[in-house]
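Inspection log for the structure reproduced underneath, given as structure tokens.
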Number of protein chains: 2
Amino acid sequence: MVNIEDVARLAAVGRSTVSNVMNRPHIVAPATRQRVLDAMENLGFVPNESARVLAGGPGRFVGVVVHDASNPFFGEIIRTVEDAALNLRYIVSTTNTGADPVRESTAVELLIQQRASGVLITPSALPADALGRLRRIGTKVVVLDAPGESGICSVAMDDTAGGRLAGQHFLDYGYRSFAFVGTPARTTQHAARLAGFRAALEESPLGRRLDVQVIEVPHEDIISGRQAAERLQHRDSPVAVLCGNDLIAMGLSFALQERGTVVPQDVAICGYDDIDMVRYLSVPFTTVRQPVHDMARTALDLLVEEMRDPEHEHQAVLFAPELVVRATTARQ
Amino acid sequence: MVNIEDVARLAAVGRSTVSNVMNRPHIVAPATRQRVLDAMENLGFVPNESARVLAGGPGRFVGVVVHDASNPFFGEIIRTVEDAALNLRYIVSTTNTGADPVRESTAVELLIQQRASGVLITPSALPADALGRLRRIGTKVVVLDAPGESGICSVAMDDTAGGRLAGQHFLDYGYRSFAFVGTPARTTQHAARLAGFRAALEESPLGRRLDVQVIEVPHEDIISGRQAAERLQHRDSPVAVLCGNDLIAMGLSFALQERGTVVPQDVAICGYDDIDMVRYLSVPFTTVRQPVHDMARTALDLLVEEMRDPEHEHQAVLFAPELVVRATTARQ
DNA sequence: CAGGGCAATTGGAGCGATTCAAGGAGCCGT
DNA sequence: ACGGCTCCTTGAATCGCTCCAATTGCCCTG
């Protein structure tokens, strides 16, 4: 493989000059610069990132850790981040954790091994020590889709507000029986949504007479949503169900339809995320929209800023959710 | 950051011994090994992967390049590969190309910079020179979901056979008017599916009187499928449409339903991939199933074998597709 | 008991970049 | 003509690790 020395020899300059052309082009005389550039071109030179990082150069490796890339919500995040990062010539590495804390720490561990210069993470239950270790090797961290602790940048949705929005909407529409399907025990996001949901109900005139049937499911996907259908109890009055995300809502809705339960007459459903798909289903979903694109973009901007500017001040950005009413809820 | 030397000092051994504990544990005396292990633990030592790679050690970095991770088909591939690779302590980095040749080469370029030791790629149009350059730096490559050229390992579905299967099925069911929706001009996979589809029709007794209306769409997603609905011409006889993948099929189907077109009475649809979701829709999809899990697993196994064994013989594995008949096609 | 063989350990020479301090060349004003 | 500048350019030291060749004991055997 051709290295910096080969380039230097062909261009008849010193190794450092070649390095300068790559990292501080402005201090190299135009003629020399061009000569070096040509030499690189001729030789098909590609700098060795490992050597670069080892020598203490600016790393160009950022890791993105998400629950599940095939969930369109995360898909959109990844796409946004990749687009922006590739333009800045960063190398983006995505890892899925399946919201599993063990895989999450494995993923972080591997990122540490790589001495990633930045990490964008959607934690399920982020162990503080993992963050500490990342910090110690100088890796910048931005927490995405979860409230950040102090001393760390974070970009999140106000999940409590989102849950509230859904609860309020159900109450407005006259529902009196409620359920939540998701993974509140395993992910902070769902827990907050559930909390907001409960809060809205409790604050209503009917007060604490309103109870929420909580159905904890194993994953955040369609299959889990389907499974929840069997456990959902609905007798006389229609049940209003808030789902932890749209995929779960889809699964639940499909399974209910198969059993002859009609949405929204028998069961009302509110999803979460507003992924593209749910707007196109035969019964378009009422859901809580997250400004995914903006979140992702902001998160990357914060990360880049933090990587470039050592004096950077941490900030926690909170986005507001928005309720999108479609056909899976109806006025009673 | 703590390095190998710190560990060596604490354990009162030489640097090399620490290295040996990590890479060739069997040649270190058990007592010594334990002492080193303890020291690592105490110091919270994490080997620096960059240094390792630079020193010519066995790299543990593999790249996975796919069209779109949020497509469940690729999602499943990624999940499978990640599971297996993480167990082997490989670092998996996923990149999306959106089937765009430019992003594809950018992705490969970055992988070269990283000196990845292995790459699993789903090419749209893989430029031969990119492969060559990867090869030159010693990166092992396995092509996934596309026919491999000689001198390279590949795992693929027999897409032509898949297209044939669909065509045959439509003929059996009595359809006489056909269309294909997908990206045949931009991806080899869709092109092969279309070719097989055409072949089946041409080989039928009705011969070449059967024409296929080809609708090229910009992406392989739901939105593109929806757009295709406007361009699909169907007059008297029902049209049988083969879609390049299930997402396109879903989009097409949703859009048609909105305009009052009934599936399968007015338009029959056959998807491709058999992603989980399509089985649960209100009208479950007829589709061509790909053994994704096996493909992904086989691809990774090949890659690992190739990375470990320099004498490795390239092979091209071809999986057979399978038709799954559900409710979007009906006997005429 | 010398010598051979084996197991365990280790210092040193890179790997390919970066950064820094120092050196050389040309130009200016005096 | 010369000191003092600015601009460019460069050799050397370094990063943390792996591998190799060499070394050290130790046990066994003839």
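Below, read A as the first sequence line, B as the second, and so on, with proteins coming before strands; counting in each chain starts at 1. Basis for what follows: all heavy atoms, side chains included, without hydrogens, waters or symmetry-related copies.
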Problem - Residue pair B:E220 / B:H190, side-chain heavy-atom distance below 4.5 Å - result: yes

Problem - Non-hydrogen side-chain atoms of A:R79 and A:E82 separated by less than 4.5 Å - result: no

Practice task
Check step by step if side-chain contact (heavy atoms from CB on, under 4.5 Å) holds for B:N71 and B:D221.
Solution key: CA-CA 8 Å; B:N71 177 333; B:D221 56 14; over 6 Å; no

Say you draw a straight line from [atom1] of [X] to [atom2] of [Y]; how long is it, rounded to the nearest 0.5 Å?
{"X": "B:R89", "Y": "A:T106", "atom1": "CZ", "atom2": "OG1", "result": "7.0 Å"}
{"X": "A:S70", "Y": "A:N96", "atom1": "OG", "atom2": "CG", "result": "7.0 Å"}
{"X": "A:D145", "Y": "A:M295", "atom1": "CG", "atom2": "CE", "result": "4.5 Å"}

Practice task
Please step through side-chain contact (heavy atoms from CB on, under 4.5 Å) for the pair B:L110 and B:Q113, ending with a clear verdict.
Solution key: CA-CA 5 Å; B:L110 295 178; B:Q113 260 183 50; 4.1 Å; yes

Practice task
Given salt bridge (Lys or Arg N to Asp or Glu O under 4.0 Å), test A:D38 with A:R35 step by step and report yes or no.
Solution key: CA-CA 5 Å; A:D38 290 346; A:R35 201 145 33 90; over 6 Å; no

Exercise for the section: Run the numbers on A:V46 and B:R133 for side-chain contact (heavy atoms from CB on, under 4.5 Å), then give the verdict. Expected result: CA-CA 10 Å; A:V46 180; B:R133 298 175 56 197; 3.1 Å; yes

Handout entry: Proximity to DNA chain C (any heavy atom under 4.0 Å), residues of residues 39-54 of chain B only
Key = B:L54

Handout entry: Those residues of residues 2-10 of chain A lying under 4.0 Å from DNA chain C by at least one heavy atom
Key = A:N3, A:I4

Taking only N/O atoms, report every protein-nucleotides 6-12 of chain D pair under 3.5 Å with atom names and distance.
| residue | atom | partner | partner atom | Å |
| --- | --- | --- | --- | --- |
| D:dT9 | OP1 | A:T32 | OG1 | 2.2 |
| D:dT9 | OP2 | A:A29 | N | 3.0 |
| D:dT10 | OP2 | A:G14 | N | 2.7 |
| D:dT10 | OP2 | A:T17 | OG1 | 2.6 |
| D:dG11 | N7 | A:S16 | OG | 3.1 |
| D:dG11 | O6 | A:S16 | OG | 2.3 |

Practice task
Measure from CZ on B:R24 to C1' on C:dT9 and round the result to the nearest Å.
Solution key: 12 Å

Practice task
Mind calculating the distance between CE (A:M22) and P (C:dT19) to the nearest angstrom?
Solution key: 10 Å

Practice task
Return the orientation label for the B:F74 and B:H67 ring planes: parallel under 30°, perpendicular over 60°, tilted otherwise.
Solution key: tilted

